Engineer: 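Pasting in a structure now, in structure tokens, and then I'll have a few things to ask.
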Number of protein chains: 2
Amino acid sequence: MSNLSTTSDDILACARSLIVAGGYNGFSYADIADVVGIRKASIHHHFPSKVDLVRTLVARHRQNAEAGLANLERQVSDPLEQLRSYTGYWQACIADASAPFCVCALLASQLPVLPEEVGLEVRAHFRSLSAWLTSVLERGSRHGQLQLASTPRAEAEVFMATVHGAMLSARAYGDPKMFGVVTGPLLERLASHGHDRDERRPI
Amino acid sequence: MSNLSTTSDDILACARSLIVAGGYNGFSYADIADVVGIRKASIHHHFPSKVDLVRTLVARHRQNAEAGLANLERQVSDPLEQLRSYTGYWQACIADASAPFCVCALLASQLPVLPEEVGLEVRAHFRSLSAWLTSVLERGSRHGQLQLASTPRAEAEVFMATVHGAMLSARAYGDPKMFGVVTGPLLERLASHGHDRDERRPI
DNA sequence: CACACCCTACCTTCTGATAGGGTGTCCGTC
DNA sequence: GACGGACACCCTATCAGAAGGTAGGGTGTG
């Protein structure tokens, strides 16, 4: 009924928040032990090495993300609304400080010093997210709901990069609203509503 | 005539490349000592503590950046060309791997675990860069050379965030060209040439 | 019994930092 | 010009603590 073992989940959750705060080298087993209320050695029982821990964490994050996006596909059909939901999700995570950064984005910034196995998982997340965004944009463009300036793939990369940059700016300014300031125009631009925003073309 | 002491500069240069690779906790005095060819203790002579070292590094980076942008203002008058120069600079740095990431952007991603003094310098860089971009966009908009969808300030934040996201994507994909894939459309969109790109408005 | 789980105790290596001594160079005074 | 302090620079030696990890034993439960 209940979780088989919440301890390993607690460890993962704690590791995630610590990584989100300071990256791969920004936390230690001792840090986790303090928060979870367990000894260092007990963590090694669940995750023999730090690489195991982080690799598992990233892999699970990726699975959750893919499942969440698949669920979004089912619940929301409009491409623009899907994109809004995606940015809205992060806006909420940042606003309530529950996850003020994507763990994969943060780890990606340290790719050169990441253990290879972790790096592979991180790259996989980027490819996965990019593929989903590409499909959403492609569909939105085909149905005339979204206005793309270039190929769906290129627009997907722009979208993803902008979202990541928005996270960084929100953190740098210490202002969660900055995420919306950056991602808002991104969505507006893609929306091709009947009303022209401020293009005010003559005639 | 020559530099008073290149050693401290060597230390800073080495620290920069190490931080760009792995962040604040991604390098140690021992790493620098190995590369520069001196002992750990000698580094402490130039920079008593790690905080001193990184704070100096970021402060200098910020000064160099401000000087570079001021110089750009003198050499190039067209706002769009100024933005192109800015992104082109980073495109080159990433392509030749001389500085595949902005040290301030990388440190900003770890702000929660950064020593306060370092964090202040990092935030200052964000404000400084944002201010410059705002002024360029404002001028470009006033002269009708750039087409803004919202206020210069908001567009500046979008621009900065997109550039940072582009750096991240280039690193995640291991492909320097990805930086251009993301920043190219950004510049295209701001350029308000006579030819409408693919808006193809009816009539 | 076997196994999952957590513990104490310990190890090795790295980390940032300090103490103190050895060079060399510049500079003022005799 | 000689002398000696002041200082910049780099060294060896050493430290306390944190890092990731191991060994092995004590519980419980199926």
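No experiment lies behind these values; they were computed from the predicted model shown. First the proteins, then the strands, lettered A, B, ... as listed; each starts at 1.
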Engineer: Return the value, rounded to whole Å, for the distance between atom CG of B:D34 and atom C1' of C:dG16.
Structural biologist: 15 Å
Engineer: Under 4.0 Å, counting only non-hydrogen atoms across every strand here, what does A:F47 touch: a base, just sugar-phosphate, or nothing?
Structural biologist: nothing
Engineer: What donor-acceptor contacts under 3.5 angstrom involve side-chain atoms of residues 160-172 of chain B, with partners at least two apart or in another chain?
Structural biologist:
residue: B:T162; atom: OG1; partner: B:V158; partner atom: O; Å: 2.6
residue: B:H164; atom: ND1; partner: B:M160; partner atom: O; Å: 3.4
residue: B:S169; atom: OG; partner: B:G165; partner atom: O; Å: 3.3
residue: B:R171; atom: NH1; partner: A:S109; partner atom: O; Å: 2.6
residue: B:R171; atom: NH1; partner: B:V20; partner atom: O; Å: 2.9
residue: B:R171; atom: NH2; partner: B:V20; partner atom: O; Å: 3.2

Engineer: In whole angstrom, give the distance that lies between atom CZ of A:F27 and atom P of D:dA18.
Structural biologist: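 Distance, rounded to whole Å: 17 Å.
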Engineer: Looking at residues at least two apart in the chain, or sitting in another chain, which of them share a side-chain hydrogen bond (donor to acceptor under 3.5 Å, both in side chains) with B:N64?
Structural biologist: none
Engineer: Does D:dC10 have its OP1 or OP2 closer than 4.0 Å to a side-chain nitrogen or oxygen of B:H44?
Structural biologist: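 B:H44 to D:dC10 OP1/OP2: no side-chain N or O under 4.0 Å.
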Engineer: For A:R127, give me all partners under salt bridge (Lys or Arg N to Asp or Glu O under 4.0 Å), at least two apart in sequence or on another chain.
Structural biologist: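 A:R127 satisfies salt bridge (Lys or Arg N to Asp or Glu O under 4.0 Å) with no residue once adjacent residues are dropped.
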Engineer: For B:Q91 and B:R84, does a side-chain donor sit closer than 3.5 Å to a side-chain acceptor?
Structural biologist: no
Engineer: Could you check whether any side-chain N or O of A:Y29 sits under 3.5 Å from a backbone N or O of A:K50, counting only pairs where one atom can act as donor and the other as acceptor?
Structural biologist: yes
Engineer: Could you state the OH-P distance from B:Y29 to D:dC10, rounded to the nearest angstrom?
Structural biologist: 14 Å
Engineer: Check the distance between D:dA19's P and B:D31's CG and give it to me in whole angstrom.
Structural biologist: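 Going from CG in B:D31 over to P in D:dA19 covers 17 Å.
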Engineer: Whole-Å distance between D:dG20 P and B:N25 CG?
Structural biologist: 11 Å
Engineer: Considering only nitrogen or oxygen atoms on both sides, find all protein atoms under 3.5 Å from nucleotides 11-15 of chain D and state each distance.
Structural biologist:
residue: D:dC11; atom: OP2; partner: B:R39; partner atom: N; Å: 2.7
residue: D:dC11; atom: OP2; partner: B:S42; partner atom: OG; Å: 2.5

Engineer: Given B:S128, which partner from the list B:E66, B:R123, B:R62 fulfils the side-chain hydrogen bond (donor to acceptor under 3.5 Å, both in side chains) test?
Structural biologist: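 By the side-chain hydrogen bond (donor to acceptor under 3.5 Å, both in side chains) criterion, B:S128 pairs with just one of B:E66, B:R123, B:R62: B:E66.
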Engineer: Taking atom types as modelled, find out whether A:T7 and A:D10 have a side-chain donor-acceptor pair closer than 3.5 angstrom.
Structural biologist: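 Side-chain D/A pair, A:T7 to A:D10: absent.
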Engineer: Nearest whole angstrom, please: distance from the C1' of C:dA4 to the NE2 of A:H45.
Structural biologist: 5 Å
Engineer: Taking side chain to side chain contact (heavy atoms under 4.5 Å, CB included) as the definition, give me every residue that meets it alongside A:H61, ordered by chain and number, with sequence neighbours left out.
Structural biologist: A:R16, A:C102, A:V103, A:C104, A:H125
Engineer: Does the side chain of B:T6 come under 3.5 Å of the side chain of B:D9 through a donor N or O and an acceptor N or O?
Structural biologist: no
Engineer: Tell me: CG of B:D10 to C1' of D:dC10, nearest whole Å?
Structural biologist: 14 Å
Engineer: Tell me, what's DNA chain D's dot-bracket, Watson-Crick or G-U with both distances under 3.5 Å, | for other-strand, [ ] crossing?
Structural biologist: ||||||||||||||||||.|||||||||||
Engineer: Return the value, rounded to whole Å, for the distance between atom CD1 of A:I11 and atom C1' of C:dC6.
Structural biologist: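 The answer, rounded to whole Å, is 11 Å.
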Engineer: Any side-chain N or O of B:T7 below 4.0 angstrom from OP1/OP2 of D:dC10?
Structural biologist: yes
Engineer: For A:S28 and D:dA19, is the shortest distance between a side-chain N/O and OP1 or OP2 below 4.0 Å?
Structural biologist: yes
